[in-house]
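Step one of this worksheet: look at the structure below.
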Amino acid sequence: MLIRLPLLCLLVSVTAIAADLTPERYWNTALLNTPMPNSLRHLFTPDFTDEKSTDVQVGKGGVNVNAGKGKTGGGTAVNVGKGGVYVDTGKGKGTHVSVSGGKGPGGGVGVHTGKPGKRTDVGVGKGGVIVHTRHKGKPVYVGVTPGPNPFVYNYAASETQLHDDPKAALFFLEKDMVPGKAMSLRFNAEDGYDGKTAFLPRGEADTVPFESEKFSEILSIFSVKPGSGEAEMMRKTIEECEAKRVGGEEKYCATSLESMVDFSVSKLGNYHVRAVSTEVAEKNAPMQKYKIAAAGIKKLSDDKSVVCHKQKYPFAVFYCHKAMMTSVYAVPLVGENGLRAKAVAVCHKNTSAWNPNHLAFKVLKVKPGTVPVCHFLPETHVVWFSY
């Protein structure tokens, strides 16, 4: 049945929808002249996506929604009221579209269609409104390497982490960052799933609990069995995000791209800011020996930076911390099979507040606060700095 709407109501709705910003547009609005690293851009489109679209035609007769199923006369009732917009699909279920009045890039329209990972994107063009409905299945949990996150510096290394965790090889001393130096490395960081865990839009991520007190509710939302390996992994990530700060560091766990941008901008500003990640020419490159190329090591920053480490979780979560007294380098590497990598390295000049049993000290056989400790970033991690 076709529902006719007053043109004024329709214009109000379309104007509000047009004000909504995609994560990429939010990035471009908040960060002036800052390219987005591929490591983040790749998290917009998950591996498990079935994209369908619905064409909404706007005319004098009202609004007709063509669901693309080849049926004629079918439609969706759209009701506009003070509480927002309600879309009745004729199956006894509906979608509530809430129009926010917030100021700045975060204002706009939020579409809630069910559990995290399911959303509706609404775009406005000259030909009408195109609604893309994405139904994303949760990536399948495949297990993770045991041990604490080596990029959270107040944790001690586990008994087996030194030998079992490939990220142990990412740590090195600054004095060893010289052309010709060989290191055995693997840059593709495992996150516990066999597919990419994608960003949720902030409006959706903010509705999902992310705290230990509501852990049972979180497991229910993601259909994860209590006591399972996946549940333990998720619990560990939340605990690391809630753990106390190391020294004077400022930290924050970003559950959306937008919140990561906000944290980084609040610490560095939005002018003359860069965000970079390690780039490897081959996807899922195995552990192999790399040599630092003869020329091309470049210091990108020598003061403060914000480093964001991708966490093990059903959707993209980043552990971000503002690090003082750090240097950021671009390091060109060549693998023994000819594979090239543009690695990003972060060197911490003051490690006196780190746990004395941290993985880095066990690997490098040094003590806290004695020498600068460096580490390469896995491909999915990102560092922000001013220039």
Side-chain angles (χ1 to χ4, degrees), residues 37 148-157 161-162 165 167-183 185 187 189 240 243-252 260 263-269 272-278 290 292-293 295-310 318-333 341-378 381-387:
N149 184 343
F151 303 115
V152 179
Y153 304 120
N154 59 349
Y155 281 100
Q161 193 174 12
L162 181 63
D165 192 342
K167 289 190 289 293
L170 296 175
F171 289 93
F172 63 97
L173 297 177
E174 191 172 31
K175 68 180 183 65
D176 292 328
M177 190 165 40
V178 294
K181 177 67 177 181
M183 305 179 188
L185 302 166
F187 292 104
E240 289 173 351
K244 64 180 181 179
R245 299 183 300 173
V246 176
E249 100 174 336
E250 300 176 65
K251 71 185 186 74
Y252 173 74
M260 185 199 304
F263 177 77
S264 300
V265 166
S266 72
K267 305 307 173 188
L268 302 173
H272 301 295
V273 174
R274 284 190 65 192
V276 295
S277 295
T278 293
Y290 288 87
I292 298 178
I297 297 175
K298 182 179 180 181
K299 182 178 283 189
L300 302 176
S301 173
D302 198 27
D303 185 15
K304 60 184 178 181
S305 61
V306 172
V307 188
C308 294
H309 305 284
K310 191 167 186 289
F318 282 79
Y319 178 101
C320 299
H321 55 111
K322 178 185 175 183
M324 304 298 292
M325 297 183 66
T326 57
S327 297
V328 180
Y329 293 90
V331 184
L333 301 171
K342 298 177 182 178
V344 175
V346 177
C347 293
H348 300 266
K349 301 174 187 177
N350 184 4
T351 60
S352 57
W354 292 21
N355 189 307
N357 292 313
H358 186 271
L359 181 63
F361 302 134
K362 291 184 175 292
V363 172
L364 302 175
K365 295 179 173 56
V366 297
K367 294 182 178 181
T370 55
V371 293
V373 171
C374 305
H375 60 80
F376 289 114
L377 289 184
H381 299 204
V382 60
V383 60
W384 308 67
F385 58 89
S386 301
Y387 63 95

[atom1]-[atom2] distance between [X] and [Y], expressed to the nearest 0.5 angstrom:
| X | Y | atom1 | atom2 | answer |
| --- | --- | --- | --- | --- |
| K367 | S352 | NZ | OG | 14.5 Å |
| H321 | C308 | NE2 | SG | 8.0 Å |
| E240 | Y319 | CD | OH | 8.0 Å |
| L173 | C347 | CG | SG | 9.5 Å |

Practice problem: Taking the six-membered ring for Trp and the full ring for Phe, Tyr or His, determine whether the centres of F376 and Y290 are under 6.0 Å apart. | Solution: no
For the student: nearest non-hydrogen atoms of [X] and [Y], plus distance:
| X | Y | answer |
| --- | --- | --- |
| F171 | L364 | O-CD2, 3.7 Å |
| V273 | Y387 | N-CE2, 3.4 Å |
| P179 | A293 | CB-O, 3.5 Å |
| F263 | E250 | CZ-O, 3.8 Å |
| K175 | V178 | O-CG1, 3.7 Å |
| S301 | S386 | OG-O, 4.2 Å |

### Query
If you count the non-hydrogen atoms of other residues, nucleotides and ligands that lie under 6.0 Å from NZ in K299, is the total more than 12?
yes
Check your understanding: Is the number of heavy atoms from other residues, nucleotides or ligands within 6.0 Å of NZ (K349) greater than 12?
Key -> yes
So does [Y] get a backbone contact from the side chain of [X], meaning a donor-acceptor N/O pair under 3.5 Å?
| X | Y | result |
| --- | --- | --- |
| S327 | D303 | no |
| T278 | V344 | yes |
| S277 | H381 | yes |

Given side chains that start at C-beta, do those of [X] and [Y] come closer than 4.5 Å, heavy atoms only?
| X | Y | result |
| --- | --- | --- |
| T326 | F385 | no |
| L377 | K310 | no |
| I297 | P332 | yes |
| L333 | I292 | yes |
| F172 | V363 | no |
| K267 | W384 | no |

Contacts of T351 meeting side-chain hydrogen bond (donor to acceptor under 3.5 Å, both in side chains) (sequence neighbours excluded), chain-then-number -> none
When the ring planes of H309 and H375 are compared, do they come out parallel, tilted or perpendicular, using 30° and 60° as the limits?
tilted
Exercise. Can you list the steps and then say if H358 with V373 is a side chain to side chain contact (heavy atoms under 4.5 Å, CB included)?
Worked result: CA-CA 11 Å; H358 186 271; V373 171; over 6 Å; no
